[in-house]
Visitor: 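Can you keep this structure in mind? I'll have questions shortly.
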Amino acid sequence: MRLEMMKGEEMLFCPVCKSRTNPNKAQIKIHYQENIYYPCCPLCQSEFERNPDKYTGQENKRKNKTD
Ligand SMILES: [Zn+2]
């Protein structure tokens, strides 16, 4: 039995509601920046896409942006 959860690429839980998801069974897959996220349902997917920074911890970096 090998643990392969340390790769740092895939988030094995829903980024929105934090419930665990199985990447092998996930029907929804979001590739955002360097990571792949697996929302558990279409509702979480739309919520994630509406405000991805909130769920990826990137929100604080915005203040350095100069758009
Ligand atoms: Zn969810």
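Quick note: numbers below take in every heavy atom, side chains included, and nothing from hydrogens, waters or symmetry partners. Both ligands and their constituent atoms are indexed starting at 1 by order of listing. The model shown is predicted, which means the values in this text are computed figures rather than measured ones.
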Visitor: Rounded to the nearest 0.5 Å, what separates atom OG1 in Thr56 from atom CD in Glu34?
Guide: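 Reported value, rounded in 0.5 Å steps: 11.5 Å.
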
Visitor: Describe, in one word, how the ring planes of Phe48 and Tyr37 are oriented to each other, choosing from parallel (under 30°), tilted (30 to 60°) and perpendicular (over 60°).
Guide: tilted

Visitor: So, with waters excluded, how many protein N/O/S atoms does the Zn ion (ligand 1) have closer than 2.8 Å?
Guide: 4

Visitor: Not counting sequence neighbours, which residues clear side-chain contact (heavy atoms from CB on, under 4.5 Å) with Asn22? List them please.
Guide: Asn24, Lys25

Visitor: Any idea which heavy atoms bring Pro15 and Tyr55 closest together, and the distance?
Guide: O-CD2, 3.3 Å

Visitor: Listed by chain and number, what are the side-chain contact (heavy atoms from CB on, under 4.5 Å) partners of Glu49, not counting sequence neighbours?
Guide: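 For Glu49 the side-chain contact (heavy atoms from CB on, under 4.5 Å) partners, ignoring immediate neighbours, are Ile30, Gln45.
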
Visitor: For residues 36-47, which residue pairs pass the salt bridge (Lys or Arg N to Asp or Glu O under 4.0 Å) check, not counting sequence neighbours?
Guide: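 The answer is Glu47-Arg50.
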
